[in-house]
Amino acid sequence: MSWRDGLPAVRGKLLRDEPLAPYTWFRVGGAAEVLFIPADPDDLAAFLEALDPAVPVTVLGVGSNVIVRDGGVEGVVIRLAGRPFAGITTEGETITAGAGALDAMVAKASARAGIAGLEFYAGIPGTIGGALVMNAGCYGSETKDVLVSAWGLTRYGERVDYALADFGYTYRHSEAPADILWIEATYRGTPDDPDAVAARIAEITARREQTQPIREKTGGSTFKNPPGHSSWKLVDEAGWRGRLHKVTGGGAKFSELHSNFMINPGEATAADIEGLGETVRAEVQSKLGVNLEWEIKRIGRPS
């Protein structure tokens, strides 16, 4: 008897052998052995508590900063979707958002409430859960600058509460255990005129549209910026802007518009995309002596 035959009862959706490509921005990758879309946090907590502890669990947000490998993902993939996980409320100078809320929606909600400091979230194509995990940031601001606290669930369904200091944030990194499933975060900004906040958000959005391939099948920034360097310049110097790389499919490339953004121009496989990244990392190391670290998360098994 397979572990999939004895899954806990849920109120949400349990989908077996569910293709994950449609859930990612790259539109590549294999299937989840099981995809679970919980009805609400209580449904998720009960499921985790009852699930065989030997079964791997992976969280997938909006799939904006991830490569799902062609062989699919072992165990249970959990996707936090819908209002119970994406609610946004404001009170005074604080804003509370579910882990499934889009970063850009949180920025817009802060503008409506006259809360300054979260405008940078308008430039990040992900969710609050992902922002908590990687201390997401852009244009000179980071999650750690505005976060107050967050709570989530352990792999076993137990609630954990974290204050900002507990995360141990550094550049694109958190010291919090990787297996925590974040549910909600609270931020504090500063009072400001709603129109002024909205204007800064519009500026960030326009800048992003002009400099990033946001209408392509992409995954956001591929590499972290090494100390003293810009990743896009290193990719450029290694000669990889716009150059197609094939492994098993139609090929992937770094965008002509922004050379730290990989794109799937049509029929790329996950192997094409990850292979491109690894090839460029190796060439930048050998030609320029700089180690590029992945910012995009890679999950699952090769084909």
Side-chain angles (χ1 to χ4, degrees), residues 1-87 98-102 126-134 151-160 176-184 217 219 248-249 264 268-271 273-274 294 296-303:
M1 177 174 165
S2 165
W3 62 268
R4 297 199 301 177
D5 298 322
L7 289 171
V10 299
R11 289 179 285 110
K13 295 179 181 177
L14 281 173
L15 306 170
R16 290 165 174 78
D17 299 315
E18 178 72 3
L20 292 176
Y23 296 93
T24 73
W25 284 29
F26 276 125
R27 295 293 188 267
V28 299
E33 287 191 296
V34 171
L35 176 65
F36 176 37
I37 304 174
D40 52 41
D42 288 341
D43 191 30
L44 175 58
F47 176 83
L48 291 170
E49 183 180 5
L51 182 66
D52 181 344
V55 176
V57 170
T58 304
V59 178
L60 181 67
V62 289
S64 59
N65 195 236
V66 66
I67 298 170
V68 175
R69 294 185 174 114
D70 298 307
V73 182
E74 184 181 4
V76 177
V77 174
I78 294 173
R79 189 164 190 265
L80 306 183
R83 185 165 183 79
F85 294 102
L102 292 172
T127 59
I128 291 301
L132 291 173
V133 169
M134 65 178 293
W151 72 272
L153 298 169
T154 68
R155 164 64 181 79
Y156 308 105
E158 301 160 332
R159 174 170 172 149
V160 289
D179 63 351
I180 293 177
L181 290 81
W182 297 107
I183 302 298
E184 191 174 72
K217 290 184 279 190
T248 61
N264 171 8
T269 59
I273 296 169
E274 186 173 11
W294 283 93
I296 287 177
K297 187 178 180 182
R298 292 151 296 144
I299 61 174
R301 304 165 292 203
S303 58

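Any value given below was found using the heavy atoms of this structure, including those in side chains, with hydrogens, waters and symmetry copies removed.
- Of all heavy-atom pairs spanning L80 and A99, the tightest one is CD1-CB, 4.2 Å.
- Side-chain contact check for Y23 versus R79: some heavy-atom pair is nearer than 4.5 Å.
- Interatomic distance, R16 CZ to D5 CG, rounded to the nearest 0.5 Å: 7.0 Å.
- The closest side-chain heavy-atom distance from W294 to I67 is below 4.5 Å.
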Could you go through residues 28-44 and list every donor-acceptor pair under 3.5 Å that involves a side-chain atom there, pairing it with any protein atom two or more places apart or in another chain?
unit_1	atom_1	unit_2	atom_2	d
E33	OE1	G75	N	2.6
D40	OD1	R11	NH2	2.9
D40	OD1	D42	N	3.2
D40	OD1	D43	N	2.8
D40	OD2	R11	NH1	2.9
D40	OD2	R11	NH2	3.3
D43	OD1	R11	N	3.1
D43	OD2	R11	N	3.4
D43	OD2	G12	N	2.9
D43	OD2	A39	N	2.9

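- For the atom pair L20 CG and D70 CG, the distance stands at 11.5 Å (nearest 0.5 Å).
- Between the side chain of R69 and the backbone N or O of P302 there is no donor-acceptor pair closer than 3.5 Å.
- In K297, the NZ atom is not crowded: 12 or fewer heavy atoms of neighbouring residues, nucleotides or ligands sit closer than 6.0 Å.
- The two residues P8 and L14 come nearest to each other via the heavy atoms O-CD1, 3.8 Å.
- Between A271 and T248 the shortest heavy-atom distance is CB-OG1, 3.7 Å.
- The two residues L51 and R155 have their closest heavy-atom pair at CD2-NH2, 3.6 Å.
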Between I183 and F85, does the side chain to side chain contact (heavy atoms under 4.5 Å, CB included) criterion hold? Intermediate values first, please. CA-CA 7 Å; I183 302 298; F85 294 102; 4.1 Å; yes

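- Of the possible donor and acceptor atoms, one in the side chain of N264 sits under 3.5 Å from a partner among the backbone N and O of F26.
- You'll find the side chain of R4 reaches within 4.5 Å of the side chain of D17, heavy atoms only.
- When every heavy atom of A270 is checked against every heavy atom of V68, the shortest pair comes out as CB-O, 3.2 Å.
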For a quick test of your reading: what N or O donor-acceptor pairs under 3.5 Å do the side chains of residues 56-66 make, sequence neighbours left out?
unit_1	atom_1	unit_2	atom_2	d
S64	OG	P125	O	2.2
N65	ND2	G219	O	2.9

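- Annotation: the span from K217 atom NZ to I273 atom CD1 amounts to 9.0 Å, rounded to 0.5 Å.
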Would you sort out whether W182 and V133 count as a side chain to side chain contact (heavy atoms under 4.5 Å, CB included), showing the intermediate values? CA-CA 8 Å; W182 297 107; V133 169; 3.9 Å; yes

